[in-house]
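Report on the following structure.
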Number of protein chains: 2
Amino acid sequence: MVNGSRKNSSKLQGGSTPVNEQNAPGRVGDVRRRNLSLVMDSIARTGDAKPSRAQLAAGTGLTKAAVSSLVADLVESGLVSEVGLYRDGERGRPGQGLELSARRGVVGMEINVDYLAAGLVDLGGNLRFHSTVESRNRGLAPEKVMERLGGLAAEAIAAAAAADISILGGGLAVPGLVDEQRNLVLSAPNLHWEHEALNPQNLLEGAPLGVRLSNEANSAALGELWYGAGQSDFLYVSGEVGVGGGVIIGSELYTGPGGSAGELGHIVVHPDGPACSCGGAGCLETFAGQEAIFEAAGIPEGSLGGRTELLLAALAAREPQATQAVHDAGRYLGVALASSARLMDIEAVVLGGHFAVLAEWLRPALLSSLDHYAPGLLDPSNLTVSNLEHSGTLLGAAGQVIRSVIESPFEFLLASKLA
Amino acid sequence: MVNGSRKNSSKLQGGSTPVNEQNAPGRVGDVRRRNLSLVMDSIARTGDAKPSRAQLAAGTGLTKAAVSSLVADLVESGLVSEVGLYRDGERGRPGQGLELSARRGVVGMEINVDYLAAGLVDLGGNLRFHSTVESRNRGLAPEKVMERLGGLAAEAIAAAAAADISILGGGLAVPGLVDEQRNLVLSAPNLHWEHEALNPQNLLEGAPLGVRLSNEANSAALGELWYGAGQSDFLYVSGEVGVGGGVIIGSELYTGPGGSAGELGHIVVHPDGPACSCGGAGCLETFAGQEAIFEAAGIPEGSLGGRTELLLAALAAREPQATQAVHDAGRYLGVALASSARLMDIEAVVLGGHFAVLAEWLRPALLSSLDHYAPGLLDPSNLTVSNLEHSGTLLGAAGQVIRSVIESPFEFLLASKLA
DNA sequence: CCATATAGTTCAGATTGAAAACTAATTGGA
DNA sequence: TCCAATTAGTTTTCAATCTGAACTATATGG
């Protein structure tokens, strides 16, 4: 018997709620759900061009009548706004330009090992406010960290009030495995957190969509997809204290059945390699993690002036030990990427975090390694470096909430009508 | 700007045509498309239980009225048939049992390195006829091979005629990378085929859905999913002459943006390993491919009695060299699976082909290797062995066509109404 | 100032599922 | 034997929503 099933949305999650439930029956009303989303998405995609209703009709394949009706609902709910007349220079009546409202926003937040950040992103994807503070969070109690983050969130809320932006929800990225439904950090080894309950909803009281917890590498990957260098399919490599990864397939995040896909740092790159903190052995992280690189480069912990800065200086001075350390890291990263590319048919890679900083010195070794292990598989021009830096994670965290509105505006309309 | 997009169906392909196009507008008629598919799928899933209309209504969430109307269309087209009265032992009017028609079938075919096979599968997934012949296809011209396969296909067609089964289409699995749209074998190294145009449509003239080309490992994986040991998420490992893999995510085949995902055989398992035929180095195939195992076990090519049989005999006799060879293969397969599990969050593995035959001796080394490189990641009970043997590939190849009918019955209805 | 062109709205018509009332077929007990 | 109860399936009415065509609104250019 054939018992395959429709795609289960928990595996690939580009936004949150899918337009259609897994195996729900189609109802006449679903058509409108879908078309509302189609129009929202079309406006988002067109971006700065501020399309008119007529252009949307042409772009989506819907009739002008249908688009008018859909846009009316979206404008009434405040998700979309008209921004003056649009003129093509041609003859005829000018259209009303449409955009995702600049007066609805989402707060993006990030907890990392040595800093906290918060920002305000409007529906159009513009970063309207951004604030970062250093904070040595490793080993700190989650309550303490959340308290500090609350201060940053308050700044973002104040900025929103000042700009007359109403906050729909928030996204919070954490360097660890999370259970989004239950607001749990299952495991964040670099923070020394295991199974901690956060209460992110407290950060943004009254926001209709609440606060959505997410993984740092995954959010950064989504940030690249929506606001940065990402194409529709790529692997984002996050070199923070650990080595993480985010897999984007068909413009959606692939999280795997258990939600922990993309663990690039624990791919085995040498069968006789040393034990890893994950319990395994020969993992990429033991060769290319920040700690491993610093150690191989001979830059001890607690060095004055910052280990990253010292490493960069040593590289600039062509110091052999540092050069070799980064070269080796690049080689092993190449092994991991070659294997990943073969397994998942990945054709593009975006380097972020530490690897972005070291890219200049890392890239040659990485490319020659890729050429050795998987010649011709990954075009060098598809190996790019993130240009969003720290705001990528923030944008991605907020973007997930924005994306959920774009994918399910109907649900949002309903909620706002009831309120 | 947020510019993510709806899931592109070319990345995950469980069947062929998705119910909805990528970014097409929702029309009122789409609702029926979806519900026709929902009902078909529901009947397929219920399988031998032969559900009544009332049970389908309860199962799908549709009203009895809607189900009646949908079933009427499906019965009229011949895709679904009523199979007598259904009795629960309870009171009340008995329902009409429904099943996917046993009088519509799909021909599954397979070209492999040393054999050809064809079979007839009805819409309900029953293998109604099956025939395999040995054929040393390596290096043979595609035309010659297709001619031989034509003989097998004719047998299947005759069997269909005898059983009064009308053939809707066919599936042909090949051990290589294929371009399904253009009926091309892009690369099948073990057949020594590169960029060969097949004409599979000639095998089944007049079949309304044509013949669909597919990759052997992928079809075997789908066969396991639909008819065998597969769950909704697993990695199928195909140990034929090469080492291949098929990735099933959320009950759909993951093929990657370029269509070549799952190349488990070319994951790097040792950075200092020997050169591989793929141009890379240290690939799993150089350690765990059939050739590598035979060689390490000291069983020369052309041995009398068959290399596999000699290997099994040596293993049964606990001969050290053979035992060590299989142990090493298991160890390296463990490395590849550990990396795969980490990257894709894979929680289950099904061993097929050569690995299924060797499973008894391979499994201990494989499990201890997994425990060493990724402890706790993959539960031993989730490492299973295929029990479909060679018919898995055949069932998968045919199943893809069956699945496409289940997912898009409306298109089929249209076509059959025009004819 | 009017012909032309483009934007957007209004309204009749078609498709479709929900809900409810109805018909059909069976069991079990009076 | 026959009728009440029960379950299956159909018919009818209604609401949602898109299409298509006709219509109104607003601009340009000669």
Side-chain angles (χ1 to χ4, degrees), chain A residues 19-21 24-39 50-76 80 82-98 409-410 413-414 417, chain B residues 19-21 24-39 42 49-76 80 82-98 409-410 413-414 417:
Chain A
V19 173
N20 289 312
E21 288 300 320
R27 307 241 163 71
V28 179
D30 293 346
V31 179
R32 196 157 186 89
R33 267 194 178 73
R34 168 169 194 140
N35 286 335
L36 281 168
S37 171
L38 184 65
V39 167
K50 322 276 185 205
S52 66
R53 288 167 177 78
Q55 287 171 326
L56 287 173
T60 57
L62 290 162
T63 59
K64 288 190 295 171
V67 170
S68 276
S69 156
L70 293 160
V71 166
D73 278 6
L74 293 171
V75 167
E76 194 201 1
V80 166
E82 297 192 322
V83 284
L85 293 183
Y86 179 94
R87 196 160 296 108
D88 244 352
E90 307 289 322
R91 286 203 281 191
R93 170 177 168 181
Q96 283 283 348
L98 297 168
F410 186 84
L413 262 61
L414 257 188
K417 246 173 204 171
Chain B
V19 171
N20 289 311
E21 288 300 320
R27 307 241 163 71
V28 180
D30 294 345
V31 179
R32 196 160 187 87
R33 268 192 177 76
R34 168 170 193 138
N35 285 335
L36 282 166
S37 172
L38 184 66
V39 167
S42 204
K50 321 276 186 209
S52 66
R53 288 166 177 79
Q55 288 171 326
L56 288 174
T60 58
L62 290 161
T63 59
K64 289 189 295 172
V67 170
S68 276
S69 157
L70 292 161
V71 166
D73 278 7
L74 292 171
V75 168
E76 194 202 1
V80 165
E82 296 191 324
V83 285
L85 293 184
Y86 178 96
R87 196 159 295 108
D88 244 352
E90 307 290 321
R91 285 202 280 189
R93 173 178 166 180
Q96 282 283 349
L98 297 168
F410 185 86
L413 261 63
L414 256 189
K417 244 173 205 171

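Taken to the nearest 0.5 Å, the CG atom of Leu70(B) stands 12.5 Å off from the CZ atom of Arg34(B). Expressed to the nearest 0.5 Å, how far CZ of Phe410(A) lies from CG of Asp30(A) amounts to 9.0 Å. Atom CZ in Arg27(A) sits 9.0 Å away from atom OG1 in Thr63(B) (nearest 0.5 Å).
What you find for Leu38(A) and Leu62(A) is that their closest heavy atoms are CD2-CD1, 4.2 Å. Between Asn35(B) and Gly26(A) the shortest heavy-atom distance is OD1-N, 2.7 Å. Here the closest non-hydrogen pair linking Ser42(B) and Thr60(B) is OG-CG2, 3.8 Å. Nearest heavy atoms, Ser52(A) versus Gly95(A): CB-CA, 4.1 Å. In plain terms, the two heavy atoms of Gln55(A) and Lys50(A) that are nearest each other are OE1-O, 4.3 Å.
Residue pairs meeting the salt bridge (charged side-chain N to carboxylate O under 4.0 Å, His left out) criterion with at least one partner in residues 59-72 of chain A, sequence neighbours excluded, are absent.
The CG-P distance, from Leu62(A) to dG8(C), rounds to 15 Å in whole Å. Computed from coordinates, the Asp73(B) CG to dT15(C) P distance equals 13 Å when rounded to whole Å. What separates CG of Leu36(B) from C1' of dT15(C) is a distance of 13 Å, to the nearest Å. Computed from coordinates, the Lys64(A) NZ to dC23(D) P distance equals 14 Å when rounded to whole Å. In this entry the distance linking CD of Gln96(A) with C1' of dA25(D) reads 12 Å, nearest Å. Look at CG on Leu38(A): it is 11 Å from P on dC18(D), rounded to the nearest Å. In this structure, Leu85(A) atom CG and dA25(D) atom C1' are separated by 12 Å, rounded to whole Å. Between the CZ atom of Arg33(A) and the P atom of dC18(D) there is a distance of 13 Å, rounded to whole Å.
Each end of the helix from dC1(C)-dG30(D) to dA30(C)-dT1(D) gets its own axis from five base pairs, and the two axes differ in direction by 20°, given to 10 degrees.
Side-chain nitrogen and oxygen atoms of Arg32(A) include at least one within less than 4.0 Å of the OP1 or OP2 phosphate oxygen of dC18(D). Asn35(B) has no side-chain polar atom (N or O) that falls below the 4.0 Å cut-off from OP1 or OP2 of dT16(C). For the pair Ser68(B) and dT10(D), the criterion of a side-chain N or O lying under 4.0 Å from OP1 or OP2 is met.
Here the nucleotide nearest the side chain of Arg53(A), chosen from dA27(D), dG8(C), dT17(D), is dG8(C).
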Using a cutoff of under 3.5 Å, can you pull out all pairs of nitrogen or oxygen atoms linking the protein to nucleotides 4-7 of chain D, with atom names and distances?
residue : atom : partner  : partner atom : Å
dT7(D)  : O2   : Arg93(B) : N            : 2.9

Give every pair of a protein N or O atom and an N or O atom of nucleotides 12-15 of chain D that lie under 3.5 Å apart, one pair per line with the distance.
none

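Applying the side chain to side chain contact (heavy atoms under 4.5 Å, CB included) rule to Val71(A) yields the partners Val39(A), Arg53(A), Leu56(A), Val67(A), Val75(A), Leu98(A); only residues at least two apart in sequence or on another chain are considered. Looking at residues two or more places apart in sequence or on another chain, you find a side-chain hydrogen bond (donor to acceptor under 3.5 Å, both in side chains) between Ser69(A) and Arg32(A).
DNA chain D is contacted by both Leu70(A) and Gly95(B); Gly95(B) maps to the nucleotide lying nearer its 5′ end (nearest heavy atom per residue).
Among the atoms of the strands shown, only primed sugar atoms or phosphate atoms (P, OP1, OP2) are found under 4.0 Å from some heavy atom of Ser52(A).
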